Amino acid sequence: MNKELRQAVIAGNWKMNKTRPEAKALIEELKPIAEKASCGVVICVPFTNLETAVELTKGTNIKVGAENVHFEKSGAFTGEISADMLTEIGVEYVIIGHSERRQYFGETDETVNKRTKAALAAGLKPIVCVGELLWERECNITEEVVARQIKLDLFDVSAEDVKKTIIAYEPVWAIGTGKVATAEQAEEVCKLIRDVLAKLYDKETADAVTIQYGGSMNPKNAAELLAQEDVDGGLIGGASLKAADFGVLLDEASK
Ligand code: 13P
């Protein structure tokens, strides 16, 4: 990461984990650990834990994010949550287009783009996820796949807004599998993303965007991944559910 140009951010993605009492316990454990971090600290939690998380993290350096957001302002969208509903309770970030949503819930680049624009319009900071399937990597089309996702997901997003957006490069084959991308592979694609951003916008804008790596990042492999020039932090699944492990990642990103 290059701290002169942009902020490193470690964001936890709790996915569908933690009841309210469990969430409270984890946040209380996390607070003293996160206190000394100089990187950005975000926890993205299930909708049912958002108010609890916002309440418990008031006055701390931990920011709260949701794991999805709908693109319409309100209306007949049973089961969905709008950006205004999130900002109104103090949520600051939102994960958009996670591969699990693309894979299991029919999320497309078009809906990712709509959600991203709706989130930005409401003042939320989106964490937009991109990444290739194992099959796509084996077919040598990782660059095309990721470049296409970036172009479609950020279509019509201004330079000013893209600077408020975090991009998370998450190779799908590395998520929850224990198969981490090598530091070289992570850097290669994060740099490619920055090059695509520089073409879409300009170099100064591209240099200002935080680009995270996600996929089996843990206390053992974090240092090497985070040492890469274009890897500006991580989006963390499993290791964000244990305060001690998350703490190691915060330490590494704060170096
Ligand atoms: P794991 O860290 O559990 O592989 O999950 C990564 C992820 O999907 C974060 O969004």
Side-chain angles (χ1 to χ4, degrees), residues 1-19 21-46 49 52-53 56-57 59-67 92-93 95 98-100 125 127 129 131 166-190 210-255:
M1 48 200 156
N2 187 331
K3 288 192 181 152
E4 276 159 36
L5 296 172
R6 49 197 172 254
Q7 194 198 18
V9 178
I10 295 286
N13 173 8
W14 288 11
K15 309 193 178 182
M16 195 172 73
N17 292 293
K18 304 293 176 187
T19 60
E22 289 168 349
K24 279 186 181 169
L26 178 53
I27 293 167
E28 288 303 347
E29 215 186 326
L30 207 53
K31 281 202 278 196
I33 293 176
E35 208 175 36
K36 49 188 189 305
S38 64
C39 63
V41 185
V42 182
I43 51 170
C44 298
V45 306
N49 287 329
T52 306
L56 291 181
T57 56
T60 74
N61 60 331
I62 303 174
K63 310 283 187 205
V64 175
E67 299 177 14
E92 292 181 57
Y93 288 80
I95 297 173
H98 190 279
S99 66
E100 285 148 18
K125 296 190 182 99
I127 302 176
C129 303
I166 293 177
I167 311 280
Y169 166 55
E170 299 206 309
V172 181
W173 48 271
I175 295 177
T177 57
K179 270 192 213 166
V180 66
T182 63
E184 217 170 49
Q185 288 170 325
E187 169 61 16
E188 189 178 26
V189 183
C190 289
T210 294
I211 303 177
Q212 299 173 321
Y213 167 79
S216 300
M217 193 189 275
N218 62 39
K220 289 202 181 99
N221 57 34
E224 201 187 351
L225 288 161
L226 295 171
Q228 305 303 310
E229 167 84 12
D230 291 287
V231 178
D232 311 314
L235 185 55
I236 319 298
S240 72
L241 299 172
K242 292 185 197 135
D245 284 1
F246 198 62
V248 175
L249 305 187
L250 296 178
D251 288 347
E252 292 296 345
S254 297
K255 278 180 185 164

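Only a predicted model underlies this, so the values are computations on that prediction, with no experimental measurement involved.
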Requested in this report: Identify the two heavy atoms, one from V248 and one from P219, that lie closest to each other, and give their separation to 0.1 Å.
Outcome: CG1-CB, 3.7 Å
Report task. Return each pair, listed once, that meets salt bridge (charged side-chain N to carboxylate O under 4.0 Å, His left out) where at least one residue sits in residues 241-250; pairs must be two or more places apart or across chains. Result -> none
Report task. Answer yes or no: is there a donor N or O on one side and an acceptor on the other, between the side chain of N61 and the main chain of V41, under 3.5 Å? Result -> no
Query raised in the report: What distance separates I167 CD1 from I127 CD1, expressed to the nearest 0.5 Å?
Result: 10.5 Å
**Report entry** Backbone of T60 reached by a side-chain donor or acceptor of T57 within 3.5 Å
**Finding:** no
**Report entry** Test item: K24 and L56 side chains (from C-beta on) under 4.5 Å apart, heavy atoms
**Finding:** yes
Query raised in the report: If you measure from NZ on K18 to CG on L26, what distance do you get to the nearest 0.5 Å?
Result: 5.0 Å
Report task. For the residue pair L241 and F246, establish whether any side-chain heavy-atom pair is separated by less than 4.5 Å. Result -> no
Query raised in the report: Can you list the residues that meet the side chain to side chain contact (heavy atoms under 4.5 Å, CB included) rule with E35, with sequence neighbours excluded?
Result: none
Query - Check: G234 main-chain N/O paired with Q212 side-chain donor or acceptor under 3.5 Å - result: yes
Query raised in the report: Considering residues at least two apart in sequence or located in another chain, which fulfil the side chain to side chain donor-acceptor pair (under 3.5 Å) criterion with E224?
Result: none
Report summary line: Residues at least two apart in sequence or cross-chain that pass side chain to side chain donor-acceptor pair (under 3.5 Å) with E252, listed by chain then number, are K255
Query raised in the report: Between D230 and I211, is a side chain to side chain contact (heavy atoms under 4.5 Å, CB included) present by the stated rule, with each step listed?
Result: CA-CA 7 Å; D230 291 287; I211 303 177; 5.8 Å; no
Report task. Kindly write out the residues that satisfy side chain to side chain contact (heavy atoms under 4.5 Å, CB included) with S254, not counting sequence neighbours, or none if the list is empty. Result -> A37, S38, C39
Query - Spatial distance of atom CG (D232) from atom SG (C190) [nearest 0.5 Å] - result: 7.5 Å
**Report entry** Exercise: identify the closest heavy-atom pair between V180 and G215
**Finding:** CG2-O, 3.6 Å
Report summary line: Nearest heavy-atom approach of L235 to C129 is CD2-SG, 3.8 Å
Query raised in the report: Partners of E28 by salt bridge (Lys or Arg N to Asp or Glu O under 4.0 Å), sequence neighbours excluded?
Result: K31
Do any side-chain atoms of residues 169-179 form donor-acceptor pairs under 3.5 angstrom with protein atoms, and if so which ones, sequence neighbours left out?
| unit_1 | atom_1 | unit_2 | atom_2 | d |
| --- | --- | --- | --- | --- |
| Y169 | OH | E132 | OE1 | 2.9 |
| Y169 | OH | E132 | OE2 | 3.1 |
| Y169 | OH | R137 | NH2 | 3.4 |
| E170 | OE1 | H98 | NE2 | 3.1 |
| W173 | NE1 | E132 | OE2 | 2.9 |
| T177 | OG1 | W173 | O | 2.8 |
| T177 | OG1 | K179 | N | 3.0 |

**Report entry** Side-chain touch I43/I27, heavy atoms, less than 4.5 angstrom
**Finding:** yes
Requested in this report: Apply side chain to side chain contact (heavy atoms under 4.5 Å, CB included) to A186 and list each qualifying residue two or more places apart in sequence or on a separate chain.
Outcome: Y213, L225, V231
Report task. Tell me, please, which residues at least two apart from N17 pass side chain to side chain donor-acceptor pair (under 3.5 Å). Result -> none
Query - Side-chain donor or acceptor of E22 paired with backbone N/O of T19 under 3.5 Å - result: yes
Under 3.5 Å donor-acceptor pairs involving side-chain atoms of residues 7-16, not counting sequence neighbours:
| unit_1 | atom_1 | unit_2 | atom_2 | d |
| --- | --- | --- | --- | --- |
| N13 | OD1 | K15 | N | 3.0 |
| K15 | NZ | E100 | OE2 | 2.8 |

Query raised in the report: Who are the side chain to side chain donor-acceptor pair (under 3.5 Å) partners of E188, not counting sequence neighbours?
Result: none
Query raised in the report: Between K36 and D251, is a side chain to side chain contact (heavy atoms under 4.5 Å, CB included) present by the stated rule, with each step listed?
Result: CA-CA 8 Å; K36 49 188 189 305; D251 288 347; 4.2 Å; yes
Requested in this report: For V64 and V42, run side chain to side chain contact (heavy atoms under 4.5 Å, CB included): C-alpha distance rounded to whole Å, both residues' side-chain angles, the deciding distance at 0.1 Å, then the answer.
Outcome: CA-CA 6 Å; V64 175; V42 182; over 6 Å; no
Report task. Under the side chain to side chain contact (heavy atoms under 4.5 Å, CB included) rule, collect the residues that match up with E92, sequence neighbours excluded. Result -> K63, K125
